[in-house]
Amino acid sequence: MSEIPSDLKFTSTHEWLEDEGDGTVRVGITDHAQSLLGDMVYVELPEVGRAVAAGEECAVVESVKAASDVYSPISGEVVEVNELLTEGPDLVNKDPYGEGWIFRIQIAEGEDLSGLLDADAYAEAVATEEH
């Protein structure tokens, strides 16, 4: 079983988000997702300033096996992207919950994180998927 930090929220499409406590969240793909995809060779980052809706495609991760869309877990505005991934997309593999984050979103007014999965629910979804 892949690492699933208990302090993060997750989506059924394998994105994680961390509430930064200042109205923003940091977003990336889970350890499970990166292990399925394999070695990352390219990350297409969203544009800073772009408004995104929950569930909208906003980035792409490309590995030696496949390209996969990354979906916004919540509605808001992209306020920062991880430029380190331009030169080192393998950070997504090495440290998916740390240096391998993909973008940061300013949470839209009225949006909340209650519809997202906690670590236990995400682990259960992954386990179901694997069987």
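- Note that CG of Asp90 and OH of Tyr42 are 15.5 Å apart. Values are rounded to the nearest 0.5 Å.
- Annotation: side chain of Phe103 is not in contact with side chain of Leu45 (no heavy-atom distance under 4.5 Å).
- Counting only heavy atoms from C-beta outward, the side chains of Asn82 and Ile102 never approach each other to under 4.5 Å.
- No donor-acceptor pair closer than 3.5 Å links the side chain of Gln106 to the backbone N or O of Val79.
- For the pair Pro73 and Val27, the minimum side-chain heavy-atom distance is below 4.5 Å.
- Tracing side-chain contacts under 4.5 Å through hydrophobic residues (I, L, V, M, F, W, Y), one never reaches Leu116 starting from Trp101; they form parts of separate clusters.
- Atom-to-atom distance recorded for Arg104:CZ and Asp22:CG is 7.5 Å, nearest 0.5 angstrom.
- Using modelled atom types, no side-chain atom of Trp16 and backbone atom of Asp31 make a donor-acceptor pair closer than 3.5 Å.
- Looking only at side-chain heavy atoms (C-beta outward), His14 and Val126 come within less than 4.5 Å of each other.
- To the nearest 0.5 angstrom, Glu56 atom CD is 12.5 Å from Ile74 atom CD1.
- Under 3.5 Å, the side chains of Glu20 and Thr24 contain no donor-acceptor pair of N or O atoms.
- Applying the ring pair (Phe, Tyr, Trp, His ring centres under 6.0 Å) rule to Phe10 yields the partners Tyr122; only residues at least two apart in sequence or on another chain are considered.
- In terms of the side chain to side chain contact (heavy atoms under 4.5 Å, CB included) criterion, residue partners of Val41 (sequence neighbours excluded) are, by chain and number, Glu62, Val64.
- Using modelled atom types, one side-chain atom of Ser63 and one backbone atom of Ala66 make a donor-acceptor pair closer than 3.5 Å.
- Summarising the geometry, atom CG belonging to Leu84 is positioned 11.0 Å from atom CG belonging to Asp95; distances are rounded to the nearest 0.5 Å.
- With rounding to the nearest 0.5 angstrom, the CD atom of Gln34 is 8.5 Å from the OH atom of Tyr97.
- Considering all non-hydrogen atoms of both residues, Leu37 and Met40 come closest at CD1-CE, 3.6 Å.
- For the pair Glu18 and Leu8, the minimum side-chain heavy-atom distance is below 4.5 Å.
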